[in-house]
Participant: 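Shown below is the structure under consideration.
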Amino acid sequence: MSEEIEDLLTYAKSLLDSTLVRGPVRIRITEVEAYAGPLDPASHAFKRTPRSEPMYGPPGHAYCYFTYGLHWCLNVVWGPPGTAAGVLLRAGEVVAGHQLVRERRGTTLVERDLARGPGRIGNCLAIGPEDIGLDLVNGDDLTLVMRSGPEPVIVSGPRVGVLRAADRPWRFWIEGDRTVSPYKRHSQAPAIGS
DNA sequence: TGACAGATGTACT
DNA sequence: GTACATCTGTCAG
């Protein structure tokens with residue numbers, strides 16, 4: 001494995017237990033997935049297109065994309081400009097601003113499920129097209145606060161919901177955390193090992 | 001638990 | 001013009 005990818009995976013793990021803040025809403029990140037840009041067939045940046053252009057920008061910025069006609073998902077761009085790698089935030093736990101999140105999401109979900117899934121995180125934080133390219137590190141609207149405490153126990157596994165290169169173990173989550181998304185393998189992804 | 005419908009932007013032909 | 005997508009909510013069994 002190249003050093004660049006090792007660094008990406010280390011960064012992805014460092015995001016676990018970090019916090020995303022937007023106004024009164026705070027979400028503790030419990031599950032992430034790494035995408036290695038042009039080196040990764042599952043990444044949107046595998047091909048450089050107008051949509052994936054933000055991935056080629058500076059690190060620490062947001063790459064937001066709209067999928068399935070319904071959901072906005074949030075990635076954190078990683079690496080020097082041109083690397084086009086990023087980390088998808090797959091699940092988290094709402095630790096503050098529950099009331100506002102419930103207003104956005106409706107009240108049917110139990111607290112654990114409020115940010116359980118990439119689309120739900122986007123919904124909780126009101127992610128939209130205006131957030132593409134936003135600076136998450138120095139910004140004052142949507143901010144990523146890195147973990148300051150000890151590293152949690154981290155488990156890795158194959159990626160979820162992607163059709164290509166699904167068996168790369170680039171998904172990381174906090175062991176035993178009940179907010180980790182339950183989603184399964186892409187229905188058309190080949191079996192692991194094939 | 002599993003299957004599927006849903007809405008629309010993006011990429012490819 | 002067409003196929004598909006880093007998904008979620010709902011319903012049937």
Side-chain angles (χ1 to χ4, degrees), chain A residues 5 8-9 11-13 15-16 20 27 29-57 59 61-79 83-94 101-134 136 144 156-173 178-192:
Chain A
I5 288 177
L8 168 64
L9 301 186
Y11 176 69
K13 286 184 273 192
L15 291 179
L16 291 172
L20 269 172
I27 294 179
I29 299 165
T30 60
E31 183 183 359
V32 298
E33 233 167 60
Y35 289 89
L39 305 174
D40 183 357
S43 171
H44 285 176
F46 185 61
K47 287 181 180 165
R48 189 166 188 163
T49 63
R51 180 174 66 150
S52 64
E53 196 59 34
M55 291 277 274
Y56 286 82
H61 286 233
Y63 166 55
C64 312
Y65 65 90
F66 187 65
T67 187
Y68 291 93
L70 292 171
H71 311 292
W72 282 93
C73 301
L74 175 63
N75 288 248
V76 183
V77 176
W78 173 88
T83 307
V87 178
L88 169 68
L89 308 182
R90 285 202 61 87
E93 176 188 8
V94 178
V101 168
R102 284 187 180 280
E103 282 174 14
R104 285 177 184 153
R105 292 202 46 83
T107 55
T108 55
L109 288 174
V110 298
E111 188 168 315
R112 185 194 67 177
D113 287 346
L114 287 174
R116 194 186 193 200
R120 290 170 179 173
I121 288 185
N123 200 326
C124 286
L125 294 170
I127 299 298
E130 67 278 4
D131 298 315
I132 296 171
L134 213 63
L136 299 176
L144 177 64
S156 68
R159 294 183 290 189
V160 180
V162 299
L163 186 53
R164 295 173 288 268
D167 54 347
R168 296 187 188 182
W170 291 357
R171 181 167 67 105
F172 302 98
W173 65 95
R178 298 191 64 192
T179 61
V180 170
S181 61
Y183 303 110
K184 23 185 195 291
R185 193 168 181 80
H186 191 289
S187 58
Q188 293 167 43
I192 293 177

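Within every chain, numbering begins at 1; the chains are lettered A, B, ... in the order of the sequence lines, protein sequences first and strands thereafter. Bear in mind the structure is a predicted one, so any value in this text is a computation, not a measurement.
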Participant: For a 4.5 angstrom cut-off between non-hydrogen side-chain atoms, does A:Y35 reach A:V87?
Facilitator: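 In short, these two side chains do not touch, never coming nearer than 4.5 Å.
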
Participant: Salt-bridge test for A:E53 and A:R48: reply yes if a basic N is under 4.0 Å from a carboxylate O, no otherwise.
Facilitator: yes

Participant: Is there a side-chain polar atom (N or O) of A:R120 under 4.0 Å from OP1 or OP2 of C:dG9?
Facilitator: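 True: A:R120 side-chain N/O within range (under 4.0 Å) of C:dG9 OP1/OP2.
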
Participant: Can you measure A:D113 atom CG to C:dC7 atom P for me and round it to whole angstrom units?
Facilitator: 16 Å

Participant: Could you give the CD-to-C1' distance, from A:E33 to C:dA5, as a whole number of Å?
Facilitator: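 About 14 Å, once rounded to whole Å.
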
Participant: Nearest whole Å is fine: how far is C:dC7 P from A:W72 CH2?
Facilitator: 15 Å

Participant: Any idea which heavy atoms bring A:D167 and A:P158 closest together, and the distance?
Facilitator: CA-CB, 4.1 Å

Participant: Quick one, A:I5 with A:L39, criterion side-chain contact (heavy atoms from CB on, under 4.5 Å). Give me CA distance, side-chain angles, the key distance, then yes/no.
Facilitator: CA-CA 9 Å; A:I5 288 177; A:L39 305 174; 4.1 Å; yes

Participant: Under a 4.0 Å N-O cut-off, is there an ion pair linking A:D40 with A:R159?
Facilitator: yes

Participant: Run the ring-ring contact (aromatic ring centres under 6.0 Å, His included) test against A:F66 and tell me which residues pass, sequence neighbours left out.
Facilitator: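 A:F66 satisfies ring-ring contact (aromatic ring centres under 6.0 Å, His included) with A:W72 once adjacent residues are dropped.
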
Participant: In whole angstroms, how far is the C1' atom of C:dC7 from the CG atom of A:L74?
Facilitator: 15 Å

Participant: Could you spell out the base pairing of DNA chain B in dot-bracket, with Watson-Crick or G-U pairs whose two distances are under 3.5 Å, [ ] crossing and | to another strand?
Facilitator: ||||||.|||||.

Participant: How does protein contact run along nucleotides 6-13 of chain B, one letter per nucleotide 5' to 3', with B for base contact, S for sugar-phosphate only, - for none, heavy atoms under 4.0 Å?
Facilitator: BBBSSSS-

Participant: May I have the list of side-chain donor-acceptor pairs in residues 122-132 of chain A shorter than 3.5 Å, sequence neighbours left out?
Facilitator:
from	atom 1	to	atom 2	distance (Å)
A:D131	OD1	A:R22	NH2	2.7
A:D131	OD2	A:R22	NH1	3.3
A:D131	OD2	A:G128	N	2.9

Participant: Taking the side chain as everything from C-beta on, heavy atoms only, tell me whether A:R90 gets closer than 4.5 Å to A:V160.
Facilitator: yes

Participant: Give the C-alpha distance, both sets of side-chain angles, the deciding distance and a yes or no for side-chain contact (heavy atoms from CB on, under 4.5 Å) between A:C73 and A:T67.
Facilitator: CA-CA 8 Å; A:C73 301; A:T67 187; 4.1 Å; yes

Participant: Restricting both atoms to N or O, compile the protein contacts to nucleotides 2-4 of chain C shorter than 3.5 Å, with distance only.
Facilitator:
none

Participant: Work out which heavy atom in A:L74 is nearest to a heavy atom in A:C64; give both atom names and the distance.
Facilitator: CD1-SG, 3.8 Å

Participant: Side chain of A:P118 only, please: which of C:dA5, C:dG9, C:dC7 is the nearest?
Facilitator: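 It is C:dC7.
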
Participant: Can you list everything that forms a ring-ring contact (aromatic ring centres under 6.0 Å, His included) with A:Y65? Sequence neighbours excluded, please.
Facilitator: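 Once residues adjacent in sequence are excluded, the partners of A:Y65 under the ring-ring contact (aromatic ring centres under 6.0 Å, His included) criterion are A:H44, A:Y63.
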
